[in-house]
There are 2 protein chains.
Amino acid sequence: MNVIQKKSRPRVKNEEAILNAAEEVFSELGFAGATTSLIAKRAGIPKANLHYYFPTKETLYQAILGKILSIWLHAAETFDDCDDPADALGRYIRAKMEISRSHPLGSKIWAQEIMHGAPHIQGSLETTLRDWTESRVKIIQRWVAEKKIDAIDPHYLLYMIWATTQHYADFEHQIGVLNEGRALSDEKYEDAMETVTRIIVQGIGVSGG
Amino acid sequence: MNVIQKKSRPRVKNEEAILNAAEEVFSELGFAGATTSLIAKRAGIPKANLHYYFPTKETLYQAILGKILSIWLHAAETFDDCDDPADALGRYIRAKMEISRSHPLGSKIWAQEIMHGAPHIQGSLETTLRDWTESRVKIIQRWVAEKKIDAIDPHYLLYMIWATTQHYADFEHQIGVLNEGRALSDEKYEDAMETVTRIIVQGIGVSGG
DNA sequence: GTCTATACACTGATAGAC
DNA sequence: GTCTATCAGTGTATAGAC
């Protein structure tokens with residue numbers, strides 16, 4: 001037997017069930033609207049048990065935000081693998097679109113948190129996000145200097161990419177309504193990815209490849 | 001004296017104060033997080049008085065959503081004044097960006113409502129928004145048929161315009177953090193409008209003018 | 001680790017005096 | 001029209017038996 005115990009089976013299983021349920025409920029109802037009793041119910045455990053694993057609603061919410069940020073940062077790496085604008089941006093846009101498809105709930109929670117003034121993640125914004133952004137701004141500025149793309153302020157390009165890709169997660173309900181009430185099929189989603197990539201790449205005047 | 005009385009002065013004044021305060025509070029805390037007592041406090045009246053004008057939190061919220069929709073529809077008209085793609089889209093993007101600048105709170109409330117699955121405005125989505133969208137889709141399809149723009153599905157273009165323009169309202173906090181902690185100046189905002197317009201117009205391959 | 005019972009705070013909404 | 005006092009309901013969180 002190890003002195004340092006592995007986390008017990010029920011703990012791992014329960015924490016996972018709680019986190020999944022919490023992601024659903026927070027995205028549907030917001031932080032204030034979410035109730036611990038509803039989260040517990042969806043996780044299939046009594047409310048008191050939830051508070052045993054996560055003492056407060058706040059700690060549970062922080063855990064969810066941390067998970068989202070780590071996914072987001074992982075996708076961000078796709079920016080670094082290549083120095084060709086069309087290729088680097090194409091990969092990045094695709095990575096972000098795929099996250100919107102696979103983790104729409106996390107994207108919604110993040111969006112709501114920002115809209116409310118980021119009361120729980122101000123620190124991450126001012127450090128992680130700011131640093132990441134400024135380093136990529138420099139890359140794009142180099143592309144401009146090398147006349148690989150049109151002369152634009154990189155910030156507005158990044159905002160456009162974030163906005164457009166996240167829209168497919170955050171506004172999936174509206175998109176569904178405008179798609180005859182159904183979610184986009186895989187084929188249509190692929191089409192959307194290609195269209196988005198093409199408009200942006202062509203829009204910044206990428207030359208050569 | 002008229003038989004049909006004009007609305008009394010205090011009623012008009014109070015309703016306006018309540019609506020303004022409610023817009024603030026709903027955008028900051030969401031529907032569930034907003035409390036009638038906080039809205040009343042910001043409007044400078046006792047809570048019971050708020051319930052005199054708006055019987056329930058729900059009626060107040062509906063009033064706000066109605067206001068937002070009417071502003072939104074007004075901007076939508078800019079699409080109709082011209083049949084030249086660059087001109088029509090340019091005007092529409094500018095109108096939407098100006099709404100994001102002047103009414104960011106309404107945009108945030110709308111976004112949250114959609115993210116939560118549109119529980120209070122499903123009807124408007126399925127009628128007003130769907131009709132408006134389909135009529136504009138037809139216009140854009142005609143541009144494609146006439147080879148005025150590249151062959152794209154108009155839906156993805158519209159989503160991109162909505163996402164990008166509304167991002168400046170919904171994510172203004174994040175944009176501020178990435179702009180040395182300050183809101184964008186009028187000059188920078190103008191720059192953003194021009195960049196957004198240019199990328200999209202050039203991105204869909206507008207030919208001629 | 002699990003769960004019942006409950007403390008305590010706060011919410012939306014109303015009654016009723018002014 | 002305005003406002004104080006208050007109610008019924010619900011929320012987070014915990015105590016303590018098992």
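Note that the structure is a prediction, hence the values are computed from the model and not measured. Every chain is numbered from 1, with letters handed out A, B, ... down the list of sequences.
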What's the spacing between A/Ile121 CD1 and A/Leu65 CG if we round to 0.5 Å?
6.0 Å
Atom NZ of A/Lys41 and atom C1' of D/dG11 are separated, to the nearest Å, by 15 Å
Quick one, give me the B/S/- string for nucleotides 4-18 of chain C, reading 5' to 3', where B means a protein heavy atom under 4.0 Å from the base and S means that only happens at the primed atoms, P, OP1 or OP2.
B------SBBB----
If you measure from the Lys or Arg side-chain nitrogens to the Asp or Glu carboxylate oxygens, is any gap between B/Glu134 and B/Arg130 under 4.0 Å?
no
Does B/Tyr53 have a side-chain nitrogen or oxygen under 4.0 Å from the phosphate oxygens OP1 or OP2 of D/dT2?
yes
Under the ring-ring contact (aromatic ring centres under 6.0 Å, His included) test, which residues partner B/His120, sequence neighbours left out?
B/Phe31, B/Tyr61
Are any of the side-chain heavy atoms of B/Tyr156 and B/Met160 separated by less than 4.5 Å?
no
Pairwise side-chain contact, A/Trp143 with A/Asp83, heavy-atom cut-off 4.5 Å (strictly under):
yes
For A/Asn14 and C/dG1, give me the distance from atom CG to atom C1', rounded to whole Å.
9 Å
